[in-house]
Student: 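Please read through the structure below; I'll follow up with questions.
Quick note on labels: first sequence line is chain A, next is B, and so on, each numbered from 1.
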2 protein chains.
Amino acid sequence: MRKREEPHTRCSECPIREMALFEPVDQEQLDWTQRARSAQLVIPARRHLYREGEVSNEAYTLFDGWVILYRSLPNGKAQIMRFALPGDFLALHPDHDGPRTHSAQAVTQSTVCVFPRGELVEMLHTHPKITMRLNWIHTRDMTTCQEHLLGIGRKSAEERIAFLLMELFQRMRLRGKADGNRIAFPITQEHIADAVGLTVVHTNRIMRQLRDAQLIDCSRQSLTILNEKGLAELGNFRLDMVEMRHLI
Amino acid sequence: MRKREEPHTRCSECPIREMALFEPVDQEQLDWTQRARSAQLVIPARRHLYREGEVSNEAYTLFDGWVILYRSLPNGKAQIMRFALPGDFLALHPDHDGPRTHSAQAVTQSTVCVFPRGELVEMLHTHPKITMRLNWIHTRDMTTCQEHLLGIGRKSAEERIAFLLMELFQRMRLRGKADGNRIAFPITQEHIADAVGLTVVHTNRIMRQLRDAQLIDCSRQSLTILNEKGLAELGNFRLDMVEMRHLI
DNA sequence: CGGGTATTTGACGACTGTCAACGCCAGTGG
DNA sequence: CCACTGGCGTTGACAGTCGTCAAATACCCG
């Protein structure tokens, strides 16, 4: 899994964009956030942002692109923990200075904003609202991880994939990055397989089933949900809880 | 899964024991912690502490007993997210006032300390060290959950069960609750199956293999690790990382 | 001792993995 | 322009892990 890579580009003086992720927060916090930012990084596709075992004190906000967070076993098998989408935080562990417990690799070219960990700690002491926000994010991430666990442990291949596709679609939609029922879809079937705990071959067969059942259309780097209700039911995806779950 | 239950007993004036969980913290924080505690609860075996979907503002510290945290699917299948052991926190989400995302059920009779959520929030604002501690706990829980995910997604039945048994043994040992290479082991094979994402029948077969291979001896509510190194290797359990991972 | 729960086993089937090959497509270089 | 190449998607045949069904045995507690 995962092949060639190229070096990043660091550009400390990139224009600063809006931090949708810290919403809702007040202006004071937004200002703080922008001051704490030290640099933006542009990462080419396939490049690792960091790897399991490395020691680093940087946390990130993903501005643009898709990044996978994964862990791997000595035998080479890998499990994707999460697909990070624009607006997501990476390595947000203000008090953890041990080695990274997972790897982060860009799927597409990606732009991240770098936060020195020390400033995050500083923030916890001086900005209680951001502290609450961080806790909220941790709580949501934990819930999402547990939902993922439930899926891999107790759902069939079909259900897991249907759920994942719905999840990615809804998350993109909440970010305003859906074009009707279609989203850009830069990941490969191997990524999907690594996320749901199946092999590429079997993943391919299930994808075909979903296509044959007129639930999705997945080709040319884009995913179209042809039957949202059907796909949601198949994957046990609670459409009524989208807002609260993936609220940015 | 999960059968008969009995009501809890609330005893607000139980003697207060030491809060090992908040270590290392200074005395001021320990005092605060003890003041914030509102009551202790004794929960009979099989009783639920709370259920998925319920709304509540209580968080807990488990003093004694084993509690399972799980989620279930409409079809009745359940996935255990975590075995809570003495000293663990439950429902530690200071900023989350929505419905619970998982259920908590006592395996053995258990004693918990109850914290009103409002006091937790208060604490975040006034005790930065405890805030850091909470973040540390979240980080550790997240890492553990991801490790669990990796196991269920990418390990064989044998590896998953070996890993789980090692994990439970080491966690008990760190709590000083191991008698040499033996621990009290109140869970059933159904619990193990629900934790590793297998059926009871298949779990039983794997347990037999482990026994036949002289790796463990599991009977009469106790688990003995006969070959620690062998079991760890089989489950890809990093013996050298026990301390940092499950540090209380 | 009796009833309910937990553990075990066997037989069988299905879901998922493995191995291997082929097609498709885009980028590359002659 | 076209062959060439590597990455990805797709299929078929087959094996094996794991699930299902069913039943017997063992265990615990009143």
Side-chain angles (χ1 to χ4, degrees), chain A residues 1-6 44-46 68 73 75-79 105 107-108 151-162 165 185-212 216-223 234, chain B residues 1-6 44-46 68 73 75-79 105 107-109 151-162 165 184-212 216-223 234:
Chain A
M1 151 180 196
R2 329 284 170 229
K3 292 105 187 181
R4 59 189 151 76
E5 299 189 9
E6 301 159 41
R46 294 163 173 286
I68 54 171
L73 251 13
N75 65 16
K77 292 183 180 176
Q79 172 67 44
Q105 183 189 36
V107 175
T108 63
I152 293 193
R154 293 306 191 194
K155 285 181 185 169
S156 69
E158 204 176 32
E159 294 173 300
R160 294 183 220 176
I161 292 182
L165 298 181
F185 200 68
I187 61 178
T188 67
Q189 294 190 347
E190 183 180 5
H191 288 127
I192 297 177
D194 283 338
V196 299
L198 297 170
T199 57
V200 191
V201 176
H202 201 242
T203 297
N204 179 291
R205 294 194 170 105
I206 304 293
M207 295 285 286
R208 153 164 283 293
Q209 278 182 221
L210 297 182
R211 233 176 308 142
D212 290 350
I216 62 168
D217 174 29
C218 184
S219 56
R220 285 160 297 129
Q221 306 272 88
S222 89
L223 169 69
L234 181 56
Chain B
M1 154 182 192
R2 330 283 168 229
K3 290 106 187 182
R4 57 189 152 77
E5 299 189 11
E6 301 160 39
R46 295 164 171 285
I68 54 172
L73 251 14
N75 65 16
K77 291 183 180 176
Q79 172 68 44
Q105 183 189 35
V107 174
T108 62
Q109 170 175 305
I152 293 194
R154 292 306 190 194
K155 285 180 186 169
S156 68
E158 204 177 31
E159 296 173 300
R160 293 183 221 175
I161 293 181
L165 297 181
F185 201 68
I187 62 178
T188 68
Q189 294 190 347
E190 183 180 6
H191 288 128
I192 296 176
D194 283 338
V196 298
L198 297 170
T199 57
V200 191
V201 175
H202 201 242
T203 297
N204 179 290
R205 295 194 170 107
I206 304 294
M207 294 285 285
R208 151 165 284 294
Q209 280 182 220
L210 298 182
R211 234 177 306 142
D212 290 350
I216 62 168
D217 173 30
C218 184
S219 58
R220 284 160 298 127
Q221 305 271 89
S222 89
L223 169 69
L234 181 56

Student: Which pair of heavy atoms, one from A:Ile152 and one from A:Gly197, lies closest together, and at what distance?
Tutor: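 Smallest interatomic distance, heavy atoms only, reads CD1-N, 4.3 Å.
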
Student: Separation of B:Arg46 atom CZ from C:dT5 atom C1', in whole Å?
Tutor: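 To the nearest whole Å, that distance equals 8 Å.
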
Student: What's the NE2-C1' distance between A:His191 and D:dG9, to the nearest Å?
Tutor: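 It works out to 14 Å between those atoms.
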
Student: Is the backbone N or O of B:Lys77 less than 3.5 Å from a side-chain atom of A:Arg154, with the two atoms forming a donor-acceptor pair by type?
Tutor: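 Judged by distance alone, no pair lies under 3.5 Å.
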
Student: Quick one, A:Ile68 and A:Asp194 - any side-chain contact, counting heavy atoms below 4.5 Å?
Tutor: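 Contact flag for A:Ile68/A:Asp194 side chains = no.
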
Student: For B:Ser156, which of B:Glu158, B:Arg160, B:Glu159 qualifies under side-chain hydrogen bond (donor to acceptor under 3.5 Å, both in side chains)?
Tutor: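 One option only clears the test, and that one is B:Glu159.
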
Student: Do B:Leu165 and B:Met207 have side chains that get closer than 4.5 Å, going by heavy atoms?
Tutor: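 They are in contact (side-chain heavy atoms under 4.5 Å apart), so the answer is yes.
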
Student: How many Å lie between CD1 on A:Ile161 and P on C:dC15, as a whole number?
Tutor: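 After rounding, the reported distance stands at 14 Å.
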
Student: Under 3.5 Å, which N/O atoms of the protein pair with N/O atoms of nucleotides 18-22 of chain D?
Tutor:
residue: D:dC18; atom: OP1; partner: B:Ala157; partner atom: N; Å: 3.2
residue: D:dG19; atom: OP2; partner: B:Thr199; partner atom: N; Å: 3.3
residue: D:dG19; atom: OP2; partner: B:Thr199; partner atom: OG1; Å: 3.1

Student: How many Å lie between CE on B:Met207 and P on C:dA6, as a whole number?
Tutor: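 Spelled out: CE on B:Met207 to P on C:dA6 is 14 Å.
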
Student: Reading DNA chain D from 5' onward, which residue's closest nucleotide shows up sooner: A:Asn204 or B:Gln221?
Tutor: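 The 5'-side residue here is A:Asn204.
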
Student: Identify which nucleotide among D:dT10, C:dT7, C:dT5 has an atom closest to any side-chain atom of A:Arg211, counting heavy atoms from C-beta outward.
Tutor: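 Minimum distance to the A:Arg211 side chain belongs to D:dT10.
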
Student: Would you list the pairs meeting salt bridge (Lys or Arg N to Asp or Glu O under 4.0 Å) in which at least one residue belongs to residues 195-205 of chain A, sequence neighbours left out?
Tutor: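 For residues 195-205 of chain A: none.
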
Student: Give the rounded distance in Å between these two atoms: CD of A:Gln189 and P of C:dG23.
Tutor: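 Answer to the nearest Å: 18 Å.
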
Student: Nearest-Å distance, CG (B:Asp212) to C1' (C:dT8)?
Tutor: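 The distance from CG of B:Asp212 to C1' of C:dT8 comes to 12 Å, rounded to the nearest Å.
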
Student: Can you measure B:Arg208 atom CZ to D:dA26 atom P for me and round it to whole angstrom units?
Tutor: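 So the CZ-P distance, B:Arg208 to D:dA26, works out to 13 Å.
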
